[in-house]
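In what follows, a structure is listed as C-alpha cells, so that the remarks can point back to it.
Here, residue 1 is the first one in the sequence, and each next residue gets the next number. Only a predicted model underlies this, so the values are computations on that prediction, with no experimental measurement involved.
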Amino acid sequence: MKLLFSTLLTTLLLKEHNDVNAFSPTIFKTSRSPISIQTLTPRPIASTSTSTSTSTSIQSTPVSDEFRIASTLPPSSDLAPLAQHTFAGKVEVALIHKFGAEQAQRVIDSWRLLDQEYEHREFFGEDGSDPDVSKQWQNAHSYVPGLSVKPFWDTSDLPWANKLAKNYKQIRKEFTAITSDMEKLQQDGNNIWAGALTQEAGGYGEGWSTLVLKDRGIWDEVNCNLFPKTAKLVEKSGIPATEVFFAAMKPQSDIKLHSDNTNFVLTSHLGLVIPSSGENKCRLSIGDETREWIDGEVMVFDTSIMHDACNESEEMRYILMFRVWHPDLAEDEREALQFIYDSLSVPELLDNDPVVRQAAEEHIKVMRNFPTLKSATGGFGGGGGKSGAKAASKKKKKR
C-alpha cells in the first residue's frame, strides 16, 4: 500500500466532520500499524528476472484538458476563518495557538483553501511554449501559496542527497539480500509490496507497489528492522522526509499523466535496481522534461507538476523513494503542516481537555521516535556483523 502524502488532505471530507469527537481517521487507511485502523492484505510481486511480454498500461484517472485551465488564487484577505465547531476549524484554532497567526499564515491559508475545495492550476512552461500542448502545468488541491516551482531540483544543493548517493551500494546490497526471499519477507513484514488504497492514489495502478519504512513522519518499526542499515543511513543523512519507502514498477508498464496534488512536498528517488540502467528504458517525465532512472543516482522533482513514467524493460524496477518538505518552507511551517497530519491521526490533539491533549502530544512524540533496531546487519532479525561473527567463531571452537 502507498497512501500518497497529498491524499490525506485532498480526500479529507472536512464538511462531513462537524465535531472533532465524531471524526474518525478510518477513512485514511495506512500501512502503519501504530495508527492504522484497517490495513491491506499484502500482495506479492513478480520475480525480478521474469516478466510478461504484454505491455501493462497503468490506468490513472482519465486526463482531460481541464488541468490546462488556469485558476485564480484568492487573496489571503478573502479567506474567512473556519467555523470553530468543525474539525477544520479546531485545527485552524490550534495552528494559531501553537505557531502564531503570522508565522503559520501560509499554512492557514492552505487549510482554508482546501476547505473551499480550491484547486490550484498554473502554467510554468518556458517562454514561447504553448500552454495548450505543454505538460508544464501545476495542479494542486493541497496548495501552500508562494512556493517556487521547477520540474527537477539540483541535488548538489542538497547535502542529504549526496550522502544517500554515497551509501547506494550498502542500501542496494541490503535490499537485494532481504528481497531475495520474498515469501519470508511477506510473512515477517508489514504490508509488503501493497498497492494504493484511495481512488486518487490508485492512479498508480497494479504495476506500482510499495514497501513503507516511514509514513507521515512515523517510522514503521517492523519494516525498519527488516532493513536496519537502510533505515539508519536514511536517518543519518538528515533528509527532511515525511515518507520513506521502496517502490516497485512492473516490466513493460507505464504510469499515465497525473499530478500528486500537493505542492509543499517534493519527491526524491534513489535508483536501486534499474534494469538496463543508462539505456533509457526506465524514464520519468516531469512536465516537459524527461530523465531516466540510473542506479545509484538521486533525483529530486516536483510531482505537483503533471508527470508520467514508464518501464520499458523486461525486469522489475526498484527505487528508494522519499517525500520531502519543500525547501521554501520555514521550520514553523513544516511543523504546522506536520501538526495537521498528526491531528488527522490523533484527533485528541484538538481536545478541549488539556490533560487529554497532553497525553496525545506525548503519544505523538513516542510515535515519531526513530525505532530501536534489533540488528544493523540486515535481514530478519540478525546474523552478520562483528557480534554475529564472534558468536559463530565461539560455536565453531566449542565444536
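Arg216 and Ser345 are linked by a side-chain donor-acceptor pair at a separation below 3.5 angstrom, with hydrogens and angles left out of the test. Asn223 and Asn190 form no side-chain donor-acceptor contact under 3.5 Å, judged by distance and modelled atom types alone. Judged purely by distance below 3.5 Å, without hydrogens or angles, the side chains of Thr262 and Asp260 never pair a donor atom with an acceptor atom. With hydrogens and angles left out, the side-chain atoms of Asn311 and Ser253 include no donor and acceptor closer than 3.5 Å. Side-chain contact of Thr303 with Thr267: a donor-acceptor pair under 3.5 Å is present, judged by distance alone. Judged purely by distance below 3.5 Å, without hydrogens or angles, the side chains of Gln252 and Glu314 pair a donor atom with an acceptor atom. Looking only at atom types and distance, the side chain of His363 has no donor-acceptor partner in the side chain of Glu361 under 3.5 Å away.
Among Asp288, Asp130, Asp308, the one residue that satisfies the salt bridge (Lys or Arg N to Asp or Glu O under 4.0 Å) test with Lys135 is Asp308.
Hydrophobic clustering (ILVMFWY, side-chain heavy atoms < 4.5 Å, transitive): Tyr118 and Phe264 are in distinct clusters.
With hydrogens and angles disregarded, a donor-acceptor distance shorter than 3.5 Å links the side chain of Arg121 to the backbone of Ile69. Not one N or O on the side chain of Asn369 forms a donor-acceptor pair closer than 3.5 Å with the backbone of Pro371. For the pair Arg323 (side chain) and Asp215 (backbone), a donor-acceptor distance under 3.5 Å is absent.
Salt bridge Glu312/Arg283: present, at least one basic N to carboxylate O contact under 4.0 Å. Electrostatic pairing of Asp254 and Lys256 counts as a salt bridge here, judged by a charged N lying under 4.0 Å from a carboxylate O. Checked for salt-bridge contact, Lys365 and Glu362 meet the test: a charged N lies under 4.0 Å from a carboxylate O. Ion pair Glu92/Arg112 flagged as a salt bridge, since at least one NZ, NE, NH1 or NH2 atom sits closer than 4.0 Å to an Asp/Glu carboxylate oxygen.
Seen from the ring of Phe152, Arg291 counts as a face-on cation partner, given the 6.0 Å and 45° thresholds. Cation-pi contact between Lys150 and Trp153: present, with separation from the ring centre below 6.0 Å and deviation from the ring axis of at most 45°. Both the sub-6.0 Å distance and the 45° axial angle are satisfied by Arg317 relative to the ring of Trp293.
A tilted orientation is assigned to the rings of His307 and His258, their planes being inclined by 30° to 60°.
Annotation: Tyr318 is not in aromatic contact with Phe246 [ring centroid separation under 6.0 Å not met].
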### Task
Apply ring pair (Phe, Tyr, Trp, His ring centres under 6.0 Å) to the pair Tyr143 and Trp111, showing each step before the final yes or no.
CA-CA 8 Å; Tyr143 179 77; Trp111 192 237; over 10 Å; no
